[in-house]
Enquirer: 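My questions will all concern the structure given below.
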Amino acid sequence: MNLYALLRVALRALAINKLRSLLTMLGIIIGVGAVIVMIAVGSGAQARVEEQIRSLGSNLLLILSGATTSGGVRMGFGSNLTLTEDDAAAIPREIPEVTAAPALRGSAQIVWGNQNWSTVIFGVTPEYLEVRQWEIAAGRRFDATDMAGAAKVCLIGQTVARQLFGGVDPVGQSIRVRRVPFTVVGVLEGKGQSMMGSDQDDLVIMPISTARKRVLGAANLAKQRSVGTIWVKVPEGNDMKAAEEQVRALLRQRHRLQPGQDDDFSLRNLEEVAAAQEASSRVLALLLAAVASVSLVVGGIGIMNIMLVSVTERTREIGLRRAVGARTRDILGQFLVEAVTLSLIGGLAGIALGVGAAFGIARIAGWRIVLSPEAVVLAVAFAFAIGVFFGFYPARKAARLNPVEALRFE
Amino acid sequence: MPTALIQTRDLLKIYRVGDTEVRALDGVTMQITTGDFVAVMGPSGSGKSTFMNVLGCLDRPSGGEYLLDGRPVANLTDDALAEVRNRSVGFVFQNFNLLPRTSALENVELPLVYAGVAARERNLRAAEMIAKVGLAARGHHQPAQLSGGQQQRVAIARALVTRPKLILADEPTGALDSRTSLEIMALLQELNRTGMTVVIVTHENDIARFARRVLRFRDGRVVADEANPPLDAALMFAEEPVHA
Ligand SMILES: Nc1ncnc2c1ncn2[C@@H]1O[C@H](COP(=O)(O)OP(=O)(O)OP(=O)(O)O)[C@@H](O)[C@H]1O
Ligand SMILES: [Mg+2]
């Protein structure tokens, strides 16, 4: 019996018990659908993490003020500003080819006309945007002249631009930051969410000199030139580990730390952080797919169950087929094809369900999804394998029936 | 001299149920010549069905020899036996054994499917056989839409479709009324007249009368083997009063 004939026999048998076939397929439909949705959501999350890593900029070291631990207790970063602008200036001087950008952070209420918005203020040097690989969408950056003169100019992030100005072009407008009038000279490009989930575009950037003198004030700062963070960019292709150690050694020396004494700053290699994030998002995606495939296996057990019932119900038919010349492999093929047909039709319906559900989730929950043809092929292949695996035992049972006893079966 | 289509010697079939041994066939030695019409009779449990299943290569004997058309079948593989059933034997059962929700034509085609015959030729031959048993108009009916006698005719058409040498019918009239039984016997006699070898199992002397020869079984043995001047079923059918 050829495959086409077997397929016709299978389709007819399935059509006789339409509702039963449909219910049996439901397990596979849900299983395949779930696998596709989970892979779509998992790869979506992975894609987002990868994007965030790109938005961070590559080959970055982040130095934070304050010790990582103090007597085993984690301290809040930046609570004690141990880094200074001089540290930042020393780093590129002592370590060739690297760029360092100090940043002083604070928060402030900003006002434009009758609009106001509470946001984060960063006082930085012109290197900051270069180190963070942050382009501007409109206007200009500030330069050394602005720095020297502590000019009241600022760049704003996309979120601030939207919240404060709505549709109006912010460039050239005057805003008040803690009552001090500033001119918006440019708008930054959007960077989206950070890995920690915060909005990276909700900020105002100004020269660090201006921030210190006019906005953040000396009152809450311990030292005149202290900063919260220093970003260090290492050129592409350089050894990050080595650069990290050089920076650490330099800062320990500048801070006059004795051997055995803890660092009074903490150094992060962002690539490592990113890699860890990426790995965990990949594990999550795999886990989701694995959980979803459990439902596929459950669907497979449903197929096996129904096929066993079907073999018993059709014992006489099997005996008759044997009597008119069916070989054992014809019977095996017949029931195997029937099981695989169930699982494949279920698989195809599951793809439709899964793709639909994935788009639904993207639309309703706003999650990022990535639908890959590989995932679809994988799901169908899996459904096929389930059909073969769970259909084999009932089919073999049918093929092994003794024809005489099968014909006598009541 | 007519050749022996079936030759058996000391045929044994032993079933073991627990500690007891049931000798369903206990040394059957006999021959059936080509073109014969044999009725197998005997009390219930005497081994008639077992004998038919062995003759039809559906079951393997526990011992003894069996030559079908001069060829020993004892050493054939399962696949080879399936081919013998497909090509050389046509089975007819008491309960018809038609596939439900499947048209008469498709039921008749079934053996040809396993013979690997192409669809077009299958259709032609099935239609030819359906016409031969007088059901040309009912080809597309499903078994549930046919009377018992018509279903048995479809089953006979199915047994004939591969042009076998041998028809084995185990109580073919067991589920039919006497009038329909005559119809079926007339059909089998007609086939026999065209040279087909027919073996039927029956409990009824009225049915056995249509055979040329009667084999009587008891406890797995042949206890009598009588020639029988056969009655003509078609003639009797014509004379039978029609009951309303
Ligand atoms: N699968 C089996 N296992 C055990 N014993 C069996 C089996 N099949 C048949 N038998 C026994 O073999 C003997 C012959 O059975 P068989 O069916 O050939 O009888 P029969 O002559 O056809 O009877 P009936 O007229 O009732 O159909 C019986 O005693 C029966 O119980
Ligand atoms: Mg019997």
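Letters go in sequence order (proteins before strands), and every chain restarts at 1. Being a predicted model, the structure only gives us computed values, none of them experimental. Computed from heavy atoms alone, side chains included, the values below leave out hydrogens, waters and symmetry copies.
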Enquirer: Would you say A:Leu407 and B:Leu58 make side-chain contact, with heavy atoms under 4.5 Å?
Expert: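 A side-chain contact exists here, since the closest heavy-atom pair is under 4.5 Å.
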Enquirer: If the test is side chain to side chain contact (heavy atoms under 4.5 Å, CB included), which one of B:Val161, B:Leu112, B:Leu110, B:Val89 qualifies with A:Val324?
Expert: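 For A:Val324, the side chain to side chain contact (heavy atoms under 4.5 Å, CB included) test succeeds with only one of B:Val161, B:Leu112, B:Leu110, B:Val89, which is B:Leu110.
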Enquirer: Between chain B and chain A, which donor-acceptor atom pairs come closer than 3.5 Å, counting both backbone and side-chain atoms?
Expert:
unit_1	atom_1	unit_2	atom_2	d
A:Arg12	NH1	B:Glu106	OE1	3.3
A:Arg12	NH1	B:Glu106	OE2	3.4
A:Arg12	NH2	B:Glu106	OE1	3.3
A:Arg12	NH2	B:Glu106	OE2	3.0
A:Arg316	NE	B:Asn97	OD1	2.9
A:Arg321	NH1	B:Tyr114	OH	2.8
A:Arg322	O	B:Arg85	NE	2.7
A:Arg322	O	B:Arg85	NH2	3.2
A:Val324	O	B:Asn86	ND2	2.7
A:Arg329	NH1	B:Asp79	OD2	2.9

Enquirer: Chain B: which of A:Ala326, A:Ala5, A:Gly319 shares the most heavy-atom pairs with it under 4.5 Å?
Expert: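 It is A:Ala326.
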